[in-house]
Amino acid sequence: MFKKNDFNNNLLEWYQSNKRSLPWRETTDPYKIWLSEVMLQQTQVITVIPYYKKFITKYPLLTDLADADEEALLKDWEGLGYYNRIRNFQAAVKEVSSKYDAKVPDQPDKFFELKGVGPYIGGAVQSIAFNHALAAVDGNVLRVMSRLNQDARDVTKASVQKSIKEEIETLIPLEAGDFNQALMELGATTCTPRAPKCVICPVQEHCEAYSSHSVFDFPVKKKAKRKKEESYNIFFILNDKNEVLLSKQEDNLLKGMYEFPKYDVDTSIENIEEDLNLSLDQPNIHAGSEKHVFTHKVWYMEAYILYTFSPHENFVPLKQVRELPMSKAMQKLFNLIEV
DNA sequence: GAGACGTGGAT
DNA sequence: TATCCAAGTCT
């Protein structure tokens with residue numbers, strides 16, 4: 001391992017003069033810092049900024065978010081993805097509200113028990129908000145550390161991440177929060193995946209991969225699996241009152257978001273009538289098709305318009321559809337019939 | 001440990 | 001077009 005003091009000094013000095021101005025760096029409120037970390041999971045800074053601003057305006061206090069309507073939260077989160085994050089976060093702040101008098105626990109073991117708090121969020125919040133000497137190991141940090149040490153282990157493995165976290169915790173100086181943010185900032189802006197700016201790197205002299213011209217060999221990751229492809233027919237079922245059938249997704253994928261009736265391509269109209277308990281008039285108008293790509297699967301969707309005179313509790317006026325939380329997949333489809 | 005879980009941007 | 005990546009966590 002490299003010289004700890006030199007490394008820390010170089011890194012922290014670089015951070016102080018190069019850190020980006022980000023909205024969550026303007027607060028010391030642990031709730032807001034925590035909120036930003038939840039939003040930043042697998043999500044780029046540039047994407048998070050407007051959502052973070054909206055949330056701290058609408059829910060300035062931890063108790064505001066704890067007491068909010070879940071569907072309203074989901075609507076505000078719409079487009080950010082990984083929708084379980086906001087459900088888990090609300091469950092966690094509810095617990096903080098009732099159990100800890102609405103004060104975010106500054107004891108790591110208590111904080112780690114909360115829903116949605118894993119090794120990264122726990123370390124990030126406890127170090128940035130309370131200066132506890134815990135590492136915050138994200139994708140940036142894994143890349144930086146693997147290059148510094150020419151660490152050829154597969155960084156997608158939890159065991160390797162844990163090992164790197166422990167190694168970093170032997171390095172953490174008194175300014176724990178700044179140190180963690182400096183490491184992440186270095187990865188995000190300088191030690192980047194494809195075009196690292198080694199010539200201006202503040203810790204170049206400590207980097208084994210740089211000295212041996214092997215920066216591009218790190219980090220080592222196993223290849224991503226091929227996405228599963230699924231095909232669906234989606235139906236805009238309209239009645240004579242300008243309403244469309246829309247129901248809340250109960251499955252894990254996009255849970256809580258609203259969707260138009262969606263069936264495997266081999267499902268017959270008769271089966272759909274039976275499933276929805278209504279009768280559908282022909283003709284079946286093809287409204288268009290869309291492809292939607294998730295992290296782990298691809299949806300190929302064909303949209304059709306159908307009419308009915310049957311009553312159903314899930315009809316929503318067309319003008320109110322956009323007030324409900326909907327995934328990008330469903331929004332793309334809805335755009336086919338309503339601009 | 002491995003797979004589920006969104007979306008958008010870069011190459 | 002295909003693939004990777006982005007301040008990860010849960011089951």
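Since we're looking at a predicted model, the values are computed, not measured. Convention: sequence-line order gives letters A, B, ...; per-chain numbering from 1.
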Please work out if A:I128 contacts a base, only the sugar-phosphate, or nothing of the nucleic acid, heavy-atom cut-off 4.0 Å. nothing
So for atom CG, which belongs to A:D240, do other residues, nucleotides or ligands contribute more than 12 heavy atoms lying within a distance under 6.0 Å? yes
Starting at the 5' end of DNA chain B and moving along, which residue's nearest nucleotide shows up first, A:S159 or A:N252? A:S159
Short N-O contact, A:E113 and A:K110, less than 4.0 angstrom: no
Rounded to whole angstroms, how far apart are NZ on A:K297 and P on B:dA2? 20 Å
Given atom CZ of A:R85 and atom P of C:dT11, what is their separation to the nearest angstrom? 16 Å
A:I49 CD1 to B:dG8 C1', straight-line distance once rounded to whole Å: 15 Å
Roughly how many Å apart are C:dT11 and B:dG6, using the P atom of each and rounding to a whole number? 13 Å
Is a donor-acceptor pair below 3.5 Å formed from side chain A:T43 to base B:dG6, judging by atom type as modelled? yes
Between B:dG6 atom C1' and A:L40 atom CG, what is the distance in whole Å? 15 Å
If we take the C1' atom in both B:dC5 and C:dA6, what is their distance in whole Å? 15 Å
Measure from the side chain of A:Q42, starting at C-beta and using heavy atoms only, and say which of B:dC5, C:dA7, C:dG8 lies closest. C:dG8
Looking at B:dG6, I'd like to know if its phosphate oxygens (OP1 or OP2) sit under 4.0 Å from a side-chain N or O belonging to A:H292. no
Just to be sure I understand the rule, does A:R87 reach a base, reach only the sugar-phosphate, or reach nothing, if contact means heavy atoms closer than 4.0 Å? nothing
Candidates B:dT7, C:dC5, C:dT9 - which lies nearest the side chain of A:I121: C:dT9
Heavy atoms only, 4.0 Å cut-off, all strands: where does A:G79 land among base, sugar-phosphate and nothing? sugar-phosphate
Any carboxylate oxygen within less than 4.0 angstrom of a Lys/Arg side-chain nitrogen, looking at A:K115 and A:E95? no
When you check the gap from the basic side-chain N to the acidic O, do A:K319 and A:E338 get nearer than 4.0 Å? no
Residue-phosphate contact under 4.0 Å: A:R143 side-chain N/O, C:dA6 OP1/OP2: yes
With distance as the sole criterion, is a donor-acceptor pair present between the side chains of A:E13 and A:N9 under 3.5 Å? no
Figure out the CZ/C1' separation between A:R20 and C:dA6, and round it to whole Å. 11 Å
Quick one: is A:N84 getting a side-chain N or O under 4.0 Å of the B:dC5 phosphate, OP1 or OP2? no
Let's see if you can work this out: which of C:dA7, B:dC5, C:dG8 has an atom nearest to the side-chain heavy atoms of A:Q41? C:dG8
Output yes when A:K328 and A:E290 qualify as a salt bridge under the 4.0 Å nitrogen-oxygen rule, no when they do not. no
Euclidean distance for C1', B:dG3 against C:dA7 (whole angstrom): 22 Å
Sugar-phosphate, base or nothing in reach of A:A136, heavy atoms under 4.0 Å: nothing
Can you tell which of C:dC4, C:dC10, C:dA7 lies closest to the side chain of A:N88? C:dC10
Checking A:F334, A:Y232, A:F235 against A:F260 for ring-ring contact (aromatic ring centres under 6.0 Å, His included), the one that qualifies is A:F334
Testing the 3.5 Å rule here: is there a donor-acceptor pair between the side chains of A:S127 and A:N180? yes
Quick one: label A:I46 by what it contacts on the DNA or RNA (base, sugar-phosphate, nothing), any heavy atom closer than 4.0 Å. nothing
Please tell me which of the listed nucleotides, B:dG6, C:dG8, B:dC5, lies nearest to the side chain of A:T295? B:dG6
Candidate nucleotides C:dA2, C:dA6, B:dC5, ranked by approach to the side chain of A:K291 - the nearest: C:dA2
Which is true for A:S36 with a 4.0 Å heavy-atom rule: it touches a base, it touches only sugar-phosphate, or it touches nothing? nothing
Starting the side chain at C-beta, find the nucleotide from B:dT7, B:dT11, C:dA7 nearest to A:R194. B:dT11
Of the listed C:dC5, B:dC5, B:dT7, the closest approach to the A:P193 side chain comes from C:dC5
Nearest whole angstrom, please: distance from the C1' of B:dA4 to the NZ of A:K225. 11 Å
If you take atom types as modelled and just measure distance, does the side chain of A:Y82 reach the base of B:dG6 with a donor-acceptor pair under 3.5 Å? yes
Using a 4.0 Å heavy-atom cut-off, does A:V38 contact any base of the nucleic acid, only the sugar-phosphate backbone, or nothing at all? nothing
So, is A:H296 close to the B:dC5 phosphate, meaning a side-chain N or O under 4.0 Å from OP1 or OP2? yes
Looking across every strand, which nucleic acid part, if any, lies under 4.0 Å from A:V45 by heavy atom: base, sugar-phosphate, or nothing? base
Could you check whether A:W77 gets within reach of a base, just the sugar-phosphate, or nothing at all, counting any heavy atom under 4.0 Å? nothing
Would you indicate, yes or no, if B:dC5 has its OP1 or OP2 atom less than 4.0 angstrom from a side-chain nitrogen or oxygen of A:K255? no
The side chain of A:Q44 lies closest to which of these nucleotides: C:dA6, B:dT7, B:dG1? C:dA6
